[in-house]
A.B. asks: 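Can you keep this structure in mind? I'll have questions shortly.
Numbering starts at 1 and runs along the sequence shown. Every number for a ligand or one of its atoms is a count from 1 in the order of the listing.
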Amino acid sequence: MKGWIYRGIGLWLMWAVTGVNQVMAEPVAVVASFTILADMVRVIGEDRVQVTTLVGPDGDAHAYQPTPVDARAVSQAQVLVINGLGFEGWMERLAQASGFKGRMVKASTGVKQLGQDPHAWQDLNNAKFYIDNITRVLTEVDPERAPAYRQASEHYRADLQALDTEIRHQLAELPPQRRKVITSHDAFGYFSAAYGITFLSPVGVNSEAEISAADMARIIRQIRSEGVKALFIENISNPKVAQRLAQETGAKMGGRLYSDALSGADGPAASYLDMFRHNVATLLRIM
Ligand SMILES: [Zn+2]
């Protein structure tokens, strides 16, 4: 009788422990280098991931200086998601200094890089690589919940495809002479190649570069000779350069494009897909 009771309690305890495990499985600790990747990880991982973002909303990852708080987050991460393609030049040192022991994934792996340009997320078709790479690493570190990651990932890919088709329809209506605009740094090369809008800028693909007087003179000549109608400021950059170019050339200020970071949760580009919707709507409004 006694033996039976003990065995009963033992079984009950086993059931209770495995039951608790299933309900309260710890979320995977993920660190994402910047907001766009963090959003992708959250869409794919839902409540199965706990995401920390290093470069926050409206932040500039090119010029970022990691903090001790970042180092602590990275040291505790199971997965570290970065863009790669030379975007986060500071990451390798941070990962080493923090003693990171988890899995690092370059979300852009598989993308065809355009020159030295790291902004591959500005083409929705490239995001399919990002989604696949993020999904793969999550299913590897958390195989029990792999089906849930794969399902969320498939939905995400479908949403992305639908938005890509919609954007192509919208932009197709623009006449060729209205397809040239100015931004502050060269962040829209992939958008340009994918959707047929030409972006000119006074500096290159790295926002850290100083704008020289010669750069300004060149871009002013270009705005005049090519009849560029609109200038856009970027959420991560100082608007002064664009404002000065507008004064000098008479081109219109066309609003704010989200290039290298999402907005805060209350802003117009709080998710990766909303960033695209907002940018295209902003381009169409002025053009
Ligand atoms: Zn950039």
Side-chain angles (χ1 to χ4, degrees), residues 32-40 53-66 70 81-94 106-109 111-127 129-130 180-195 197-212 215-216 218-219 222 230-243 245 254-264 267-280 282-283:
S33 58
F34 73 119
T35 47
I36 290 169
L37 298 179
D39 177 56
M40 290 176 173
T53 313
L54 300 183
V55 184
D58 300 320
D60 182 349
H62 294 283
Y64 189 65
Q65 300 204 327
D70 295 337
V81 185
I82 68 169
N83 181 72
L85 306 177
F87 186 53
E88 306 98 333
W90 39 271
M91 182 59 87
E92 204 160 311
R93 226 170 72 191
L94 174 63
K106 281 185 188 168
S108 67
T109 302
V111 162
K112 188 170 178 288
Q113 186 170 12
L114 303 177
Q116 298 295 305
D117 191 344
H119 308 89
W121 62 85
Q122 287 294 352
D123 175 354
L124 283 168
N125 283 294
N126 282 342
F129 291 101
Y130 284 63
K180 266 184 201 152
V181 300
I182 307 282
T183 52
S184 28
H185 91 295
D186 209 351
F188 293 95
Y190 292 88
F191 188 102
S192 189
Y195 305 107
I197 306 290
T198 302
F199 290 80
L200 308 169
S201 62
V203 294
V205 293
N206 192 336
S207 66
E208 283 180 283
E210 288 282 322
I211 301 173
S212 67
D215 291 331
M216 285 298 271
R218 175 183 56 79
I219 199 83
Q222 216 170 357
L231 296 149
F232 293 88
I233 58 171
E234 287 168 53
N235 65 317
I236 66 155
S237 305
N238 187 327
K240 276 193 196 134
V241 172
Q243 283 159 355
L245 289 172
R256 172 180 299 224
L257 298 177
Y258 288 79
S259 55
D260 294 27
L262 300 178
S263 67
S271 74
Y272 175 63
L273 295 185
D274 280 347
M275 175 189 84
F276 262 88
R277 291 188 189 102
H278 170 85
N279 284 350
V280 170
T282 303
L283 287 168

A.B. asks: How close do L54 and Y64 get, heavy atom to heavy atom, and via which atoms?
C.D. replies: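 Residues L54 and Y64, closest heavy atoms: O-OH, 3.3 Å.
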A.B. asks: For distances below 2.8 Å, what is the count of protein N, O or S atoms around the Zn ion (ligand 1)?
C.D. replies: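 For the Zn ion (ligand 1), protein nitrogen, oxygen or sulfur atoms under 2.8 Å: 4.
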A.B. asks: Among side-chain atoms of D117 and H119, is any donor-acceptor pair under 3.5 angstrom?
C.D. replies: yes
A.B. asks: Distance only, no hydrogens: is a donor on one side chain within 3.5 Å (strictly under) of an acceptor on the other, for T282 and N279?
C.D. replies: no
A.B. asks: How are the rings of H62 and F87 set to each other: parallel, tilted or perpendicular (split at 30° and 60°)?
C.D. replies: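 Judged by the thresholds at 30° and 60°, the geometry between H62 and F87 is perpendicular.
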A.B. asks: Checking D274 now: which residues fulfil salt bridge (charged side-chain N to carboxylate O under 4.0 Å, His left out) with it, not counting sequence neighbours?
C.D. replies: R277
A.B. asks: Crowded around Q116 CD? As in, over 12 foreign heavy atoms under 6.0 Å?
C.D. replies: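 For Q116, atom CD is not crowded (no more than 12 foreign heavy atoms under 6.0 Å).
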